[in-house]
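Quick one: the structure is below, questions incoming.
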Amino acid sequence: DHFDALARGNGSTALWIVDEHGAEVKRTFDELRIASDRTANGLRSLGVQRGDRVLVMLPNRVELWETMLAAIKLGAVLAPATQILSVADLQDRIERGEMRAVIADAASVAKFDGIADGRLKIVVGGTADGWTPYADVANASDTFTPDGVTQGSDPCVLYFTSGTTSKPKMVLHTQTSYPVGHLSTLYWLGLQAGDVHLNISSPGWAKHAWSCFFAPWQVGATVFIYNQGRFDALNTLATISRCGVTSLCAPPTAWRSLILEDLKAHPVQLRELT
């Protein structure tokens with residue numbers, strides 16, 4: 001209802017991923033619209049239906065955003081998972097969350113040995129026995145037709161709390177509470193069309209969905225990702241400067257590190273800091 005209307009024919013950058021070694025990947029809004037149509041059709045051909053729960057454990061790579069868009073189009077329920085989860089954590093989520101499918105990168109498939117039997121398993125960025133390659137899924141038709149109307153009260157995202165004080169709890173969000181509810185995040189961040197927004201957060205955590213998916217694309221801003229093995233303040237600052245990042249959201253530990261660097265040596269275009 002929103003993304004495709006924003007994306008159709010839109011050649012501006014929707015997603016920009018840079019890594020610490022200098023590699024870059026960019027996707028326009030229209031490219032992601034088409035790619036997510038393909039993924040939605042591919043998932044449907046494998047049996048994923050409206051209401052099915054899909055556990056997604058991927059790093060910051062393009063396929064994560066394609067899958068999230070595709071699941072919403074299908075009416076399937078996203079269950080994002082951080083890659084630091086243990087086998088026991090994943091087994092609990094698969095069983096208690098009644099997952100119909102699992103989507104993970106090649107480096108993570110071993111964690112699912114013996115705990116995802118009977119589920120559809122899709123591997124991104126490689127191959128594995130018993131897993132369907134994502135490349136096959138993403139090769140479906142680029143013409144997607146929904147099987148019906150998606151209601152605002154339909155489920156959209158299933159998160160598990162961190163379990164700090166007790167066993168993680170399941171929190172189910174609707175097609176309204178996250179896509180529309182995070183208009184609040186949009187205004188809190190102060191995002192505008194054309195902004196380049198960097199949110200320092202790992203996939204699988206709710207903050208990643210708020211600020212690396214919903215809020216920027218509500219207004220047509222660019223989601224900017226800087227992948228690094230360990231946070232490096234100088235490299236982060238240099239990347240923010242070089243790539244013209246205009247909005248930055250980061251935890252206090254990152255701020256403490258950034259302000260120790262020579263800020264004059266790396267002029268920035270930042271307008272909003274959160």
Side-chain angles (χ1 to χ4, degrees), residues 1-7 14-15 32 36 39-40 43-44 48-60 63-85 89-90 92-104 119-120 146-189 191 197 199 201-221 223 225 249 274:
D1 291 341
H2 170 74
F3 185 86
D4 280 10
L6 172 73
L15 179 64
L32 285 175
S36 58
T39 299
L43 289 172
R44 186 155 61 186
V48 178
Q49 302 176 8
R50 183 177 297 277
D52 284 345
R53 297 175 174 184
V54 181
L55 188 144
V56 179
M57 192 168 80
L58 293 174
N60 279 320
E63 294 87 350
L64 172 61
W65 281 266
E66 293 175 353
T67 299
M68 291 179 73
L69 288 169
I72 293 173
K73 291 181 180 188
L74 280 172
V77 183
L78 287 160
T82 172
Q83 291 191 293
I84 64 173
L85 292 176
D89 291 330
L90 290 169
D92 175 60
R93 292 182 183 214
I94 290 171
E95 293 176 355
R96 199 151 46 99
E98 299 179 343
M99 302 301 167
R100 165 74 177 82
V102 171
I103 302 176
R119 272 79 174 181
L120 170 65
D147 63 2
V149 175
T150 298
Q151 303 293 331
S153 57
D154 288 350
C156 179
V157 185
L158 175 66
Y159 268 103
F160 283 72
T161 62
S162 59
T164 305
T165 58
S166 61
K167 191 172 184 178
K169 302 172 184 66
M170 293 189 295
V171 183
L172 186 64
H173 285 273
T174 69
Q175 293 279 348
T176 297
S177 63
Y178 254 33
V180 179
H182 282 290
L183 285 169
S184 60
T185 301
L186 167 66
Y187 289 113
W188 181 254
L189 294 171
L191 292 177
H197 176 63
N199 167 51
S201 177
S202 298
W205 299 107
K207 173 62 179 170
H208 190 274
W210 306 347
S211 295
C212 295
F213 187 81
F214 288 111
W217 287 353
Q218 283 166 339
V219 74
V223 173
I225 300 293
C249 185
T274 312

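The analysis underlying the following values was restricted to heavy atoms, covering all of them including side chains, and did not include hydrogens, waters or symmetry mates. Residue indices begin at 1 and follow the sequence shown.
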Checklist entry - So, R119 side chain and M99 main chain: donor-acceptor pair closer than 3.5 Å or not? => result yes
Next on the checklist: Among residues at least two apart in sequence or on other chains, which ones pass salt bridge (Lys or Arg N to Asp or Glu O under 4.0 Å) with R50?
Outcome noted: D147, D154
Checklist outcome for this item: Here the gap from F160 atom CZ to T82 atom OG1, rounded to the nearest 0.5 Å, amounts to 14.0 Å
Checklist entry - Do the side chains of C249 and H197 get nearer than 4.5 Å, heavy atoms only? => result yes
Checklist outcome for this item: When rounded to the nearest 0.5 Å, the distance separating CE of M57 from CZ of R93 is 10.0 Å
Checklist entry - What pairs with D4 under salt bridge (Lys or Arg N to Asp or Glu O under 4.0 Å), at least two apart in sequence or on another chain? => result K73
Next on the checklist: I'd like to know if the side chain of T150 reaches the main chain of G75, judged simply by a donor and an acceptor atom lying under 3.5 Å from each other, with no hydrogens or angles considered.
Outcome noted: no
Item to check | Short side-chain to backbone donor-acceptor contact, Q218 and P179, under 3.5 Å | outcome: yes
Next on the checklist: Walk me through whether F214 and L186 qualify under side chain to side chain contact (heavy atoms under 4.5 Å, CB included).
Outcome noted: CA-CA 8 Å; F214 288 111; L186 167 66; over 6 Å; no
Checklist entry - Just by modelled atom types, is the V180 backbone N or O under 3.5 Å from a matching donor or acceptor in the H2 side chain? => result no
Item to check | Closest non-hydrogen atom pair between C156 and I72, with its separation | outcome: SG-CG1, 4.0 Å
Next on the checklist: On a heavy-atom basis, which atom in A76 and which in V48 lie closest, and how many Å separate them?
Outcome noted: CB-CG1, 4.0 Å
Next on the checklist: Within the 4.5 Å heavy-atom criterion, are D92 and K167 side-chain neighbours or not?
Outcome noted: yes
Item to check | Non-hydrogen atoms of S202 and H208 that approach each other most closely | outcome: O-CB, 3.4 Å
Checklist entry - Stepwise, does the side chain to side chain contact (heavy atoms under 4.5 Å, CB included) test hold for L172 with V77? => result CA-CA 9 Å; L172 186 64; V77 183; 4.0 Å; yes
Item to check | Residue pair H173, V171: steps toward the side chain to side chain contact (heavy atoms under 4.5 Å, CB included) verdict | outcome: CA-CA 7 Å; H173 285 273; V171 183; 3.6 Å; yes
Next on the checklist: Nearest 0.5 angstrom please: S211 OG to L191 CG, how far?
Outcome noted: 7.5 Å
Checklist outcome for this item: Looking only at heavy atoms, the pair that brings S36 and L69 closest together is CB-CB, 3.5 Å
Checklist entry - Between OG1 of T274 and CG of L189, what distance do you get to the nearest 0.5 Å? => result 5.0 Å
Next on the checklist: To the nearest 0.5 Å, what is the distance between CG on N199 and CD1 on I225?
Outcome noted: 7.0 Å
Item to check | L32/E66 under side chain to side chain contact (heavy atoms under 4.5 Å, CB included): CA gap, chis, key distance, verdict | outcome: CA-CA 6 Å; L32 285 175; E66 293 175 353; 4.0 Å; yes
Checklist entry - Nearest heavy-atom pair of W217 and L6: which atoms, and what distance? => result O-CD2, 3.2 Å
Checklist entry - What residues, two or more places apart in sequence or in another chain, satisfy ring pair (Phe, Tyr, Trp, His ring centres under 6.0 Å) together with H182? => result Y178, W210
Checklist entry - How far apart are the closest heavy atoms of A104 and L58, and which atoms are they? => result C-CD2, 3.5 Å
Item to check | T39 side chain to T67 backbone, donor-acceptor under 3.5 Å | outcome: no
Checklist entry - Less than 4.5 Å apart, any side-chain heavy atom of F213 and any of L15? => result no
Checklist entry - Once you round to the nearest 0.5 Å, how far does CG of D52 lie from CG of L74? => result 9.0 Å
